[in-house]
Amino acid sequence: MSNAAAVSSASPFLAACRGETPSRTPVWFMRQAGRSLPEYKEARKGTTMLEACSTPELVAEITMQPVRRYGVDAAIFFSDIVVPLAAIGVDVKIVPGVGPVVAEPFRTEADVKRLRNLDPCDVPYITEAIGLLVKELGDTPLIGFAGAPFTLASYLVEGGPSRDHAKTKALMKSQPDVWHGIASRLAAICGEFLRVQVEAGAQAVQLFDSWAGALSEADYREFVLPHSTAALAGVAHSVPRIHFGVGTGHLLEAMTETGAEVSGVDFRIPLDQAAKRLPDKVLQGNLDPALIFADDAALVAETDKVLEAAKGAKGHIFNLGHGVLPDSDPAKLKLVVDRVHEATAR
């Protein structure tokens, strides 16, 4: 039996992704690898985010840290959504306390041509890091990830983070050909970034659409859905695909049309409601990340509520309804993992 096959047969996470009955409800956390862990802060000393993401040994170490500390059922590959953009030559910097900032925003037909395809040779450190991780993870599967075309495009068009996405929405309506040109090239880049991770050994992927919740369903369907579908198509039939958006309760049904096998649900929509709306989908989520700051009894009670709400779903992967907050106490995250495992052991 190959290593991948051995992990697949032993993994509650992969069983849940396939809609099978796992030995327990699997749990992992978005942003589990990173800023809330003291060992992460120590490992990152003296490096920028993009430097850290392109150093294989450091990527492997940071990815492993929460697996060792929490006993989660999956590792999420430590990277950043703008890594593939930087790899193809886009002048993007991750400014602490701000986020990705693009030196020359993308808003014209000529700008579309600045987005060349990603080649595996652009990201050798990704393949190397995953090779290191697969050896160390053993029975724990690795989730690859990428930012969705809309979220990446919003940074490129706005030039950085935006509260209202005004320039992005205006471009969609005023110059739809330019918008679709940018988004389609980003879909190809995202798809290749995911494929490189899967080829190297990732056994599932997650596509994050941080900003899609800013759109109406009609605009999502016209301007975003085709491109997210294309991004995920590159790894169709090879590994389970998870799709997650923030503030996207009104888009749940539309986002499932990307073909992702697992639907991530943020903390604003109870899982029993999501299960009724998506009866054929495995759900992932959805404890409010802020509740990690509650006292132990309240945190356990809220964890139990999420597990109860998920009982009507086709399958369930426990997660937060967004990423781990920077000041979260690692001991509280460990408490959640232990509670989920204890309460759902079969």
Side-chain angles (χ1 to χ4, degrees), residues 1-11 13-14 17-18 26 28 30-34 40 43 47 49-68 72-89 116-149 152 186-208 230-244 259-262:
M1 183 183 289
S2 70
N3 183 58
V7 174
S8 181
S9 63
S11 167
F13 168 77
L14 292 174
C17 285
R18 295 190 293 260
W28 70 279
M30 290 180 277
R31 292 187 181 151
Q32 66 187 17
Y40 166 78
T47 64
M49 183 65 174
L50 287 175
E51 285 170 348
C53 291
S54 58
T55 307
E57 294 80 9
L58 188 54
V59 170
E61 167 59 22
I62 293 170
T63 301
M64 287 300 306
Q65 286 173 350
V67 178
R68 298 186 199 116
V72 285
D73 295 290
I76 178 75
F77 186 65
F78 176 74
S79 188
D80 188 273
I81 63 170
V82 300
V83 164
L85 299 181
I88 63 165
R116 69 168 175 83
N117 289 336
L118 180 75
D119 187 280
C121 298
D122 296 320
V123 286
Y125 44 86
I126 300 291
T127 300
E128 187 178 339
I130 291 177
L132 295 173
L133 279 162
V134 168
K135 290 177 188 171
E136 192 169 351
L137 279 165
D139 287 344
T140 304
L142 177 67
I143 306 168
F145 96 100
L152 291 178
L186 288 172
I189 291 163
C190 293
E192 183 63 11
F193 193 57
L194 291 174
R195 196 191 67 76
V196 165
Q197 293 173 71
V198 170
E199 288 282 313
Q203 289 164 288
V205 298
Q206 177 160 302
L207 190 69
F208 288 79
L232 283 167
V235 290
H237 313 302
S238 57
V239 295
R241 300 165 298 168
I242 308 165
H243 194 18
F244 173 77
E261 288 75 20
V262 180

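In this structure, CG in Leu118 is found 9.5 Å from CG in Leu85, a value given to the nearest 0.5 Å. Distance check, rounded to the nearest 0.5 Å: CG of Leu232 to CD1 of Ile242 gives 10.5 Å. With rounding to the nearest 0.5 Å, the separation of CD1 in Ile126 from SG in Cys53 is 7.5 Å. From Asn117, atom CG reaches atom CD1 of Ile88 across 8.0 Å, with rounding to the nearest 0.5 Å.
Partners of Asp80 under the salt bridge (charged side-chain N to carboxylate O under 4.0 Å, His left out) rule, at least two apart in sequence or in another chain, do not exist in this structure. Ala74 pairs by the side chain to side chain contact (heavy atoms under 4.5 Å, CB included) definition with Phe13, Trp28, Pro141, Ile143, not counting sequence neighbours. Shown here are the salt bridge (charged side-chain N to carboxylate O under 4.0 Å, His left out) partners of Glu51, two or more places apart in sequence or in another chain: there are none. Applying the side chain to side chain contact (heavy atoms under 4.5 Å, CB included) criterion to Pro240, with sequence neighbours excluded, gives Leu14, Cys17, Ala204. Phe193 pairs by the ring pair (Phe, Tyr, Trp, His ring centres under 6.0 Å) definition with nothing, not counting sequence neighbours. In terms of the salt bridge (charged side-chain N to carboxylate O under 4.0 Å, His left out) criterion, Glu57 has no residue partners (sequence neighbours excluded). Residues satisfying the ring pair (Phe, Tyr, Trp, His ring centres under 6.0 Å) test with Phe244, not counting sequence neighbours, are none. Judged as a side chain to side chain contact (heavy atoms under 4.5 Å, CB included), and not counting sequence neighbours, the contacts of Ala75 are Thr63, Val67, Leu137, Leu142. In terms of the ring pair (Phe, Tyr, Trp, His ring centres under 6.0 Å) criterion, residue partners of Tyr40 (sequence neighbours excluded) are, by chain and number, Phe78. Scanning for side chain to side chain contact (heavy atoms under 4.5 Å, CB included) contacts around Pro120 gives Glu192, Arg195, Val196, with sequence neighbours left out.
Side chain of Arg241 to backbone of Val235: no donor-acceptor contact under 3.5 angstrom is found.
Among residue pairs with one or both ends in residues 128-148, those qualifying as ring pair (Phe, Tyr, Trp, His ring centres under 6.0 Å) are Phe145-Phe208; sequence neighbours excluded. A side-chain hydrogen bond (donor to acceptor under 3.5 Å, both in side chains) check over residues 120-132, counting only residues at least two apart or in different chains, returns the pairs Arg116-Asp122.
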